[in-house]
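As a basis for the values below, the full set of heavy atoms in this structure was taken, side chains included, without hydrogen atoms, waters or symmetry mates. Just so we're clear, the structure is a prediction, and the values are computed from it rather than from any experiment.
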Amino acid sequence: MTAHASTEHPRRWWILGALCLSLVVVGLDVTVLNVALTRIATALSASTTQLQWIVNGYVLTFAVLMVPAGVLGDRYGRRKVLATGLSVFALASAVGAWVTAPGALIAVRTVLGISAAAVFPVAISILPTVFTADERRKAVAAAAATMGVGLPLGPLVGGWLLDHFWWGATLLFNVPIMLVALVAGLVLIPDSRDPAPRRFDVPGLALSAVGLAALVYGIIQAPVSGWSAPHVAGSLVLGVALLAGFAVAEQRSPSPLADRRLVRAPLFFWPTVALALGSFVALGVLFMVPLYLQAVRGVDAFATGIRLMPLMAGLLVGSALGSAGLHRLGLRATVATGFAAMAAGFLLMLRIGPSSGYDALWPALTVIGLGFGIVMPAVGDALLGSLPEGRESTGTALSFATRQVGGAFGIAILGSLVTAAYRDGMTAATAALPGPLAGAARESVAGAAVVADRLGPAGQALHDAAGRAYVTGMHHASMACAVIALGSAFLLAMTLPGRTSESVKPTAPATAPERRDSRSPGVSSHL
């Protein structure tokens, strides 16, 4: 028996369509709530810290569990794990639409992240079971790109739903689509599994999951409690220690979560780093700009989604430029140019003030989207093209997991910069307010807007102070993004190859012989 499908499946394109239907929702849910954050903050009395966890609860669990979910698919059957992920995603979305407390919504978003982790890698690993080698890479690239399309579409879809319904509609929207994908998957997709799956790396999963969660928790809580607070400092130290232990354990494990041959290969490692760095700054800006537009400038949700479209337009133009640049200039020059463009876009963000018109924002978003568009398709294409036959699923899942980790840290770190500056700026403005009102105003810019409305004409000064404080935080985060993007341009200019003409080659002997699946290598059968 061979490792791949020996004959093409007659319904393979229908199967790809069914998988892409679920993947676009998985990608869309990374950003769909961003335009609803102001509504959520008001409806659920959520602080900025809680809003960060509402977004990161999905992104972080998705990242941490993506590769382990592929192992479960290999062991217990890919169609079964995919069906379970789709079912739980739909159920959690239905429940989440009606929650009434921030903690409950964070829990729901965490369950959605777990479900998404079951959907994406298993969907990618199904493709080699129905496509022959000639079509496999195109199918994997199409599926990965479909999930990527969901990210910029999220704010637009979320804005439209909020303009016609309540904030819970952004979650309820998932239910019918996931149910259709579930039925189509059960009807169309043949089941497959690895007849000799590798051992599940429980220590590696535990160390990475708890370590990342502890580190992100410390970063998010620091502006609220202070860096020296015992629970903050302890969380940061614990996170670093556990992640260091994870790195050591991965080197010694006979069945590591990450394929060592891929991680050690420069043609895989550095493009994956580029994906993570790009996601860091991109998801950070998608967290802070909607709050600015709605809570500071008073723009409604759908108009916020529309005003974020220059980011998508820049991304589309940048994608075409990135593909052309990859062939004409090479990977190194193209990616460095893209990150330099992102840095320029974030410097343009420094022109924005509390009362700025839209003409100050859209050029910055366009340039950021342009740079992001140049980087992502170029490194994605180079990364996928570098993978040898049979490793597309493994490499795609691992690179997307790293990308999600980068996005989670972007939301945590940049959101914390905004929170710290905002709270400092609101200290004097809330000094004369009663305790509960002062606390609500200092918790988030959305809370300050609600308090200002309750105060009537006397609340205008509070609203103006909140706008200034939030914009100061945006400037701090934008400057950090500009520095990170510029540093990334220099780093990747020194480390990426000029051209990508060869596949990943193992840099060390395999620690154990590869096990072959009778139908497909799967996302994790080589891990």
Open item on the list: Could you check whether any side-chain N or O of Q52 sits under 3.5 Å from a backbone N or O of I411, counting only pairs where one atom can act as donor and the other as acceptor?
Closed with: yes
- [ ] Evaluate the ring planes of F89 and Y58, with Trp represented by its six-membered ring, and classify them as parallel (under 30°), tilted (30 to 60°) or perpendicular (over 60°).
- [x] perpendicular
Open item on the list: With a 4.5 Å cut-off on side-chain heavy atoms, are M288 and Y470 touching?
Closed with: yes
- [ ] Any chance you could measure F409, atom CZ, to L212, atom CG, to the nearest 0.5 Å?
- [x] 5.0 Å
Task: Side-chain heavy-atom pair F302, L156 within 4.5 angstrom cut-off - done: yes
TODO: May I ask you to test the T495-L491 pair for a side-chain heavy-atom distance under 4.5 Å?
DONE: yes
Task: Reported CZ-to-OG distance for the pair F372 and S319, which is rounded to 0.5 angstrom - done: 9.0 Å
Open item on the list: Given 3.5 Å as the limit, does a donor-acceptor pair link the side chain of R423 with the main chain of A469, or not?
Closed with: no
Task: D29 and R109, any side-chain heavy atoms less than 4.5 Å apart - done: yes
Task: Gap between atom OG1 of T472 and atom CG of D424 - 0.5 Å precision - done: 10.0 Å
Task: Side-chain touch L293/L361, heavy atoms, less than 4.5 angstrom - done: yes
Task: Check: L275 main-chain N/O paired with R403 side-chain donor or acceptor under 3.5 Å - done: no
Task: pair T38-P290: side-chain heavy atoms closer than 4.5 Å - done: no
Task: Separation of M349 CE from Y292 OH (nearest 0.5 Å) - done: 9.0 Å
